[in-house]
Amino acid sequence: MECDYPAPLNGKVLKLHFACRAKLPYGSFLRVTSSNLWGSTIQSGSIASTAISNTDANYVELDSEHKIIYSSSVEMVTTPEEYPLWKTRTPVICVVNSDCNDNIFQHKYRYLVVTPGSAITDSVDVVTSDEQDGVVNVTTWEDPFDDMSHGDETKVVKKKKSLSKLPFRVVDIDMSLLDPESVKETALSYPPRADGRFLENVHIDNFNDPNDTSFQAYKKTLEFPALNESFMEEDEESKPEDIIRNKRIFLVCYHLPVTVAKNEVSGEYTAEFTESLIAKTEHGSITKTNETFWLGTVSTKAESEEEREKIRSVLKPLNCFPLFFDDETVDSFYFGMCKQILWPTFHNIDLIDIAKSGWGKHSFVHEEGRIKTESDNCWDQSRLDIWWHSFMAVNQHFSDALMKVLKPNDVVWVHDYHLALLPKLLDDAESCLYGKRVFQKVFFLHIPFPTSQVFRELERGEQILEGMLHADVVGFHAFDHARHFLNASKRILGLSHESLTGGLIGVKFRGTKVLVTISNVSIEADVVEKALESQEVQDAAEALRLKHKGRSIISGIDIAQGLSGVSLKLLAFEKLLTDYPNWRDKAVLIQICLIPSSRIIDEADTLSHVRFLVERIKKAFGSNVIQYEECLGSSLPRQRRLALWLFSEGFF
């Protein structure tokens, strides 16, 4: 904490700045109170406070009592670089009464967590902890002493506390160290900070830490039980699940971010995490602060229950739990509904194009310099019903598996369009079992969301949209994707949305607000820089330099599917060499096509076209202008990928 003092005002005015380390739930932010939120039993006679304007409170949907709390506190902010450190942007203003002659000025304060879009409680007095009702309060007070002074640490007797009885912090300010000439009816003078930065010796609180020195005054009140009995009330017993403390998080995805390999000699399996964004890494903050589990499928086929059990055993130390489906279900669910319907639709390919253009098997014949297309398309709309039933069955299987292990207050983070129905299925299951919402659900879409005009063409689009909206938070990579989602919610379901404090967007659905967020995925620069220094990457880059000596390298790595646009890229490169002959001896295109085998017909179609264009370019300009490769799988080994990045002059 740091003090600075403003220009002259009536009375002796202090401006207090605060800093606090707090790891908050996604979408929540921190505030610190002034001095006017105190009951008569704690009110200090030497302190008065001016509340900030409650205009900001209107941006968070609060009733009148909550607005008093909100407007009598000051917002704290953080940055991605400084998180979890929060700081006050504007100071807490305190006025020392003229009859205060003490050398030590004491300011009492509390920290408050605000979660826009959450439910509003009926009373501001019951705010000590999450009561496992599945609803996060708009305002949640810090209370690290809630589960203390009880013999059984696994149990806690809930306490209904009035606002004045909540734990408080105290900061002592030695008035004698200040400039005595300024201690008059005006403000205390102090050199202001020109750059707005905190001083090096500023005190930093730790949220919900009972050992913080600022809690010492409150701890003394705990030495007198009689003072506490008046506001303690027994309630049902439950495990202590504070919303700020560590939680169990279940990352749910159709493909587990692991590689499972079988030793053909011994028949034993091994498993390790892949480079996936949701895999456990040494840099992962979620896995360091929360107990994390993964649920999904593996690509390794298990022919018997014995083999399935072996796979479960090797994945258990990784906290991964595999699900297994028969080939028929996988064909209908993944290769049918997901890859033939949802994948192109979510990439803004409408049903007419899916049925009539470029999605069937083709033959490419060179006739007088042109490409002749012979379609063998076998689009059959009746297959959609079978695919949809498999889609629902797989999502239901995921829901059933989760309900066996989930506990109240667990967080379920669902990834991607394969499991778009899962949030609703979990909501139905928890309502049936508990009679209320007890899990926190997040849905994140890793591919684009289509325009409402394209999305409404989906025969089951409304069910998919409702499934996503049953999550508490819906996340997207880009604002355009979120905007399309909001438009679809309005035009298909008639739902409105509004902006919330903190830059969030809330969709009004079933009496609450579903938060919509945009989270761009960044590159882990420290990991990349370390990998670039490896000898293997350096050797691979040197090999490229020697092979294409004297040429500028343009590189591209793409999935061999129509949506990747590899054919268009090759046509553009061909146009460059045709129009600018001087580049024929100066440039080379290294094009690598990945073959994941997830859209077999589309991939065969694309590869046939790409191979034809590669041969045409080589025939016209020579084999040195292009290096073309095909690799099985959906990713290139890191060393090869980094070698291309290191030596290429352009990415195409």
> Strictly under 6.0 Å, is that where the ring centroids of Phe168 and Trp141 end up?
Replying inline: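 When the ring centroids of Phe168 and Trp141 are compared, they turn out to be at least 6.0 Å apart.
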All side-chain contact (heavy atoms from CB on, under 4.5 Å) counterparts of [X], not counting sequence neighbours:
X	answer
Gln396	Ser399, Asp400, Leu425
Thr517	Tyr26, Val473, Leu504, Ser519
Pro423	Phe443, His470, Ala471
Pro448	His347, His481

> What class does the angle between the rings of Phe455 and Phe346 fall in, given that below 30° is parallel, 30 to 60° is tilted and above 60° is perpendicular?
Replying inline: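 Plane angle over 60°, so perpendicular.
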>> Please verify the inter-ring angle class for Phe444 with Trp413; under 30° counts as parallel, over 60° as perpendicular, anything in between as tilted.
In response: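 Ring orientation, 0 to 90° scale: perpendicular.
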>> Suppose we screen for ring-ring contact (aromatic ring centres under 6.0 Å, His included). Which residues come up paired with Tyr417, at least two apart in sequence or across chains?
In response: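 Result, ring-ring contact (aromatic ring centres under 6.0 Å, His included) vs Tyr417: none returned.
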> Sequence neighbours excluded, which residues qualify as ring-ring contact (aromatic ring centres under 6.0 Å, His included) partners of Phe476?
Replying inline: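 Result, ring-ring contact (aromatic ring centres under 6.0 Å, His included) vs Phe476: Phe485.
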> Would a 4.5 Å heavy-atom cut-off, applied to side chains only, mark Leu323 and His397 as touching?
Replying inline: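 Yes, close enough: below the 4.5 Å cut-off.
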>> Taking atom CZ as the centre, does Phe479 end up with more than 12 heavy-atom neighbours from other residues, nucleotides or ligands that are less than 6.0 angstrom away?
In response: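 Counting other residues, nucleotides and ligands, CZ of Phe479 stays at 12 neighbours or fewer.
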> Between Arg491 and Ser452, does any side-chain donor sit less than 3.5 Å from a side-chain acceptor?
Replying inline: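 Yes.
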Going by the rule salt bridge (Lys or Arg N to Asp or Glu O under 4.0 Å), which residues pair with [X] if we only count those two or more places apart in sequence or in a different chain?
X	result
Arg21	none
Asp480	Arg483
Asp427	Arg437, Lys441, Arg510
Asp212	Arg169

> Does the pair Val405 and Phe321 meet the rule for a side-chain contact (heavy atoms from CB on, under 4.5 Å), with working shown?
Replying inline: CA-CA 11 Å; Val405 295; Phe321 300 94; over 6 Å; no
> Who pairs with Asp209 by side chain to side chain donor-acceptor pair (under 3.5 Å), at least two apart in sequence or on another chain?
Replying inline: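 Checked Asp209 against side chain to side chain donor-acceptor pair (under 3.5 Å); zero matches.
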